[in-house]
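In what follows, chains are A, B, ... by sequence order, proteins preceding strands, each numbered from 1. Quantities reported herein were computed from a predicted structural model and do not represent experimental measurements.
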There are 2 protein chains.
Amino acid sequence: MNGRFSIAIHIMTLLTKAEGELLSSELIASSINANAALVRKELSNLRNNGLIISKEGAAGGYALGKDAAQIRLSDIYQAVKRQSILGQAKNLPNPACPVGRQINQHLDTLYKEVEDSLTEKLVTKTLAEFTGQFD
Amino acid sequence: MNGRFSIAIHIMTLLTKAEGELLSSELIASSINANAALVRKELSNLRNNGLIISKEGAAGGYALGKDAAQIRLSDIYQAVKRQSILGQAKNLPNPACPVGRQINQHLDTLYKEVEDSLTEKLVTKTLAEFTGQFD
DNA sequence: TTGATCTGTAATTTTATTTATTACAAATGA
DNA sequence: TCATTTGTAATAAATAAAATTACAGATCAA
């Protein structure tokens, strides 16, 4: 997990505050202070996950796909995550070692459990609650 | 968070199985299939956190610092983690934007909460329980 | 007390990942 | 028709992670 979750939450917060008015990727990128093409890539991903809608062409832009009260932070996390939260060693351990041979299987199980508890936490929080904290 | 947690758990599992016998960084590295100097660096870190002991010189090596039943996976996680689990965008958001101005503060709060729930999960698991899963 | 072995640690290089940049086709609206 | 904006790919630059190399210092055994 990298800065993508932060960026996604930032995007979703902006769209919530826009209340249905379309925002351009350029405007969003300038709030985040990140590259517009990169932001569009994340916007595409969020759209593919049903969290936002987009409209092409002049006067196009982005808006929430459903009410902020119906979006849970776990939905955003699921859209953005790519690999196990605790990271994965990329060396395959030594299969001649009893520990090396079995470690990945047990780590996988552990990581799944941990990730489940993280998701449970994020399920309890809606985007509306999060954005409601802003002045 | 990267592969360091995986490596640390792997190390601690090997030391548990060694039952007090000193293991060399070379042997540990070969089980993990990683570089020995890198492994020593993590071993130093684990020692600085009181989880293992080391002995220098010929016939030196590493062993658990306390009983595996007294070590919680959260202890290992705390020793290894460096930054927020969900990552942090490194661009500072635009302070001229109401959302950009406040987002990091609210993300920080959220990340702390999420990390707390993750830690709570890891507190419930001892190293002894984890290593007990191995054949 | 000498030599082999192993830890501790720093400096450097290599590799991988992330982010930014550039470019342009396609859609849309004025 | 032209300006604007999304969608997406290809490439480059920057950053982070891991490996490599090197060597001082500790320890043990012959």
K.L.:
Could you check A:Gly60 against A:Lys41 and say which one's nearest nucleotide on DNA chain D is further toward the 5' end?
P.N.:
A:Gly60
K.L.:
Taking only residues two or more places apart in sequence or in another chain, which ones pass side-chain contact (heavy atoms from CB on, under 4.5 Å) with B:Arg101?
P.N.:
B:Pro98
K.L.:
Nearest-Å distance, CG (B:Leu27) to P (C:dC6)?
P.N.:
10 Å
K.L.:
Measure the distance from CG on A:Asn33 to P on C:dT19 and round it to the nearest whole Å.
P.N.:
13 Å
K.L.:
Is a donor from one side chain sitting under 3.5 angstrom from an acceptor on the other, for B:Gln78 and B:Asp75?
P.N.:
no
K.L.:
Whole angstroms only, please: what is the CD1-P distance between A:Ile28 and C:dA20?
P.N.:
15 Å
K.L.:
Let's see if you get this right: which residues in residues 17-26 of chain B place a heavy atom under 4.0 Å from DNA chain C?
P.N.:
B:Leu23, B:Ser24, B:Ser25
K.L.:
Regarding B:Asp108 and B:Asn104, is there a side-chain donor-to-acceptor distance under 3.5 Å anywhere?
P.N.:
no
K.L.:
Would you mind reading off the distance between A:Asn48 atom CG and D:dT6 atom C1', rounded to a whole angstrom?
P.N.:
13 Å
K.L.:
Mind calculating the distance between CZ (B:Phe5) and P (D:dA18) to the nearest angstrom?
P.N.:
15 Å
K.L.:
Grab the CD1-C1' distance between A:Ile52 and D:dT6 for me, whole Å please.
P.N.:
11 Å
K.L.:
Between side-chain atoms of residues 55-72 of chain B and protein atoms elsewhere (two or more places apart, or another chain), which donor-acceptor pairs fall under 3.5 Å?
P.N.:
{"unit_1": "B:Asp67", "atom_1": "OD1", "unit_2": "B:Ala69", "atom_2": "N", "d": "2.9"}
{"unit_1": "B:Arg72", "atom_1": "NH1", "unit_2": "B:Val123", "atom_2": "O", "d": "2.8"}

K.L.:
Quick one: side chain to side chain donor-acceptor pair (under 3.5 Å) partners of A:Lys121, sequence neighbours excluded?
P.N.:
none
K.L.:
Ignoring hydrogens and angles, write down the donor-acceptor pairs under 3.5 Å from the side chains of residues 9-17 of chain A, residues two or more places apart or on other chains.
P.N.:
{"unit_1": "A:His10", "atom_1": "NE2", "unit_2": "A:Ser31", "atom_2": "OG", "d": "2.8"}
{"unit_1": "A:Thr13", "atom_1": "OG1", "unit_2": "A:Ile9", "atom_2": "O", "d": "2.8"}
{"unit_1": "A:Thr16", "atom_1": "OG1", "unit_2": "A:Met12", "atom_2": "O", "d": "2.7"}
{"unit_1": "A:Lys17", "atom_1": "NZ", "unit_2": "A:Thr131", "atom_2": "O", "d": "3.0"}

K.L.:
OP1 or OP2 of D:dT8 versus the side-chain N and O atoms of A:Ser44: is any pair under 4.0 Å?
P.N.:
yes
K.L.:
Measuring to OP1 and OP2 of C:dG8, would you say a side-chain N or O of B:Arg47 lies under 4.0 angstrom away?
P.N.:
yes
K.L.:
What string of B, S and - do you get for nucleotides 22-30 of chain C 5' to 3' if you count protein non-hydrogen atoms under 4.0 Å?
P.N.:
BB---BBS-
K.L.:
Report the residues that fulfil side-chain contact (heavy atoms from CB on, under 4.5 Å) with B:Ala29, sequence neighbours left out, ordered by chain and then residue number.
P.N.:
B:Ala36, B:Val39
K.L.:
Tell me every residue that passes salt bridge (charged side-chain N to carboxylate O under 4.0 Å, His left out) with B:Glu120, counting only those two or more places apart in sequence or in another chain.
P.N.:
none
K.L.:
Starting from C1' on C:dG8, measure out to CG on B:Leu43 and report it in whole angstrom.
P.N.:
11 Å
K.L.:
Sort and list the pairs that fulfil ring-ring contact (aromatic ring centres under 6.0 Å, His included) and have at least one residue in residues 14-52 of chain A, not counting sequence neighbours.
P.N.:
none
K.L.:
Would you list the pairs meeting side-chain hydrogen bond (donor to acceptor under 3.5 Å, both in side chains) in which at least one residue belongs to residues 18-30 of chain A, sequence neighbours left out?
P.N.:
A:Ser25-A:Arg40
K.L.:
Could you work out how much the helix from C:dT1-D:dA30 to C:dA30-D:dT1 bends, comparing the axis of its first five pairs with that of its last five, to 10°?
P.N.:
10°
K.L.:
Just the rounded figure in Å: distance from P of D:dT8 to CG of A:Asn45.
P.N.:
11 Å
K.L.:
Restricting to ring pair (Phe, Tyr, Trp, His ring centres under 6.0 Å), what partner residues turn up for B:Phe130, sequence neighbours left out?
P.N.:
B:Phe134
